[in-house]
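Take a look at the structure set out below.
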Amino acid sequence: MARSKKRYATLSQSSTHPNNAAPPCLTCIPRAIGSYLDRPDIRATLGVDPAISGNYTSCSDSVGIAFNANMDSFFPTQYYLAALLERGIRVLIYVGANDWICNWVGNERMALALDWTGKDLFVKAPLREWEVDGEAAGLTRSSGGFTFLTVYGAGHMVPYDQPKNSLEMMMRWLAKEEM
């Protein structure tokens, strides 16, 4: 765990954005992602209905207003997560180790406090490093279909900051493999 402490200790030294210690600026990322996802070849590969116009939007005021109108923000997320776990639906919570918007410590505390029947086993499971190609990629804890995971060197946009490790994380999780 000494390596991981060193990685977290360098967090503030690498920050270029007050909410994200990973190098890319947050305002550039949505444009790049939107341009990519709006490409006709990518839309076809993803199976997007051609009748739907090409206008990927990473943040939508109208969607946010609809959520607020239904008082969605007054129903804490952890209740949804616990309900999914109780129904046997696997849950993965991942967070960039350098994300200052949705920091890993707060996410881990929420994960540990979830009230569900597998809570005791999840809490007892060790927080350990996971690796990609023999290199430490982050920390993980998993039990009973619930996985919490951090990704070293990533900020708020984990797949953008660490594409290789993000892909490996998703491939393993979807295949129900150990992290």
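For the side-chain contact (heavy atoms from CB on, under 4.5 Å) test, residues two or more places apart in sequence or in another chain that qualify with Leu121 are Ser143. A search for side-chain contact (heavy atoms from CB on, under 4.5 Å) contacts involving Ile65 returns nothing, not counting sequence neighbours. For Glu178, the salt bridge (Lys or Arg N to Asp or Glu O under 4.0 Å) criterion is met by Arg128, not counting sequence neighbours. Applying the salt bridge (Lys or Arg N to Asp or Glu O under 4.0 Å) rule to Asp41 yields the partners Arg39; only residues at least two apart in sequence or on another chain are considered. By the ring pair (Phe, Tyr, Trp, His ring centres under 6.0 Å) test, Tyr79 is found to be paired with Phe75, residues two or more places apart in sequence or in another chain being considered. In this structure Phe146 satisfies the ring pair (Phe, Tyr, Trp, His ring centres under 6.0 Å) test together with Trp116, Phe122, sequence neighbours excluded. In this structure, the side-chain contact (heavy atoms from CB on, under 4.5 Å) partners of Glu168, at least two apart in sequence or on a different chain, are Val132, Arg172. When the side-chain contact (heavy atoms from CB on, under 4.5 Å) test is applied to Leu167, the partners found at least two apart in sequence or on another chain are Met171. With sequence neighbours excluded, the residues forming a salt bridge (Lys or Arg N to Asp or Glu O under 4.0 Å) with Asp133 are Lys164, listed by chain and number. Among residues two or more places apart in sequence or in another chain, the ring pair (Phe, Tyr, Trp, His ring centres under 6.0 Å) test is passed with Trp130 by none.
Scanning both residues, Leu85 and Gly145, for their nearest heavy atoms gives CD2-O, 3.9 Å. Among all heavy-atom pairs drawn from Thr147 and Ser142, the shortest one is OG1-OG, 2.8 Å. Of all non-hydrogen atoms in Ala154 and Gln162, the two that sit nearest each other are CB-CG, 3.9 Å. Minimum heavy-atom separation, Val158 to Gly96: CG2-N, 3.3 Å. Nearest heavy atom pair, residue Asp49 against residue Arg43, reads O-NH2, 4.0 Å. A pairwise comparison of heavy atoms in Gly153 and Asp161 identifies O-CB, 3.9 Å as the closest pair.
The structure places CD1 of Ile93 at 11.0 Å from OG1 of Thr140, a figure rounded to the nearest 0.5 Å. Atom-to-atom distance recorded for Thr77:OG1 and Leu114:CG is 10.0 Å, nearest 0.5 angstrom.
A donor and an acceptor atom, one from each side chain of Tyr152 and Glu135, are nowhere located under 3.5 Å apart.
Asn103 places no side-chain N or O within 3.5 Å of a backbone atom of Asp99 that could act as its donor or acceptor partner. Of the possible polar contacts, one joining the Thr150 side chain to the Leu139 backbone as a donor-acceptor pair under 3.5 Å is found.
Contact of the Tyr94 side chain with the Pro159 side chain is registered, since non-hydrogen atoms from C-beta on lie closer than 4.5 Å. The shortest distance between side-chain heavy atoms of Leu37 and Leu46 falls below 4.5 Å.
Just one residue in the list Val95, Leu92, Leu112 forms a side-chain contact (heavy atoms from CB on, under 4.5 Å) with Phe148, and that residue is Val95.
Identified under the side chain to side chain donor-acceptor pair (under 3.5 Å) test for residues 82-93, with sequence neighbours left out: Glu86-Thr117.
Counting side-chain heavy-atom gaps under 4.5 Å among Ile, Leu, Val, Met, Phe, Trp and Tyr, the cluster of Val63 also holds Phe67.
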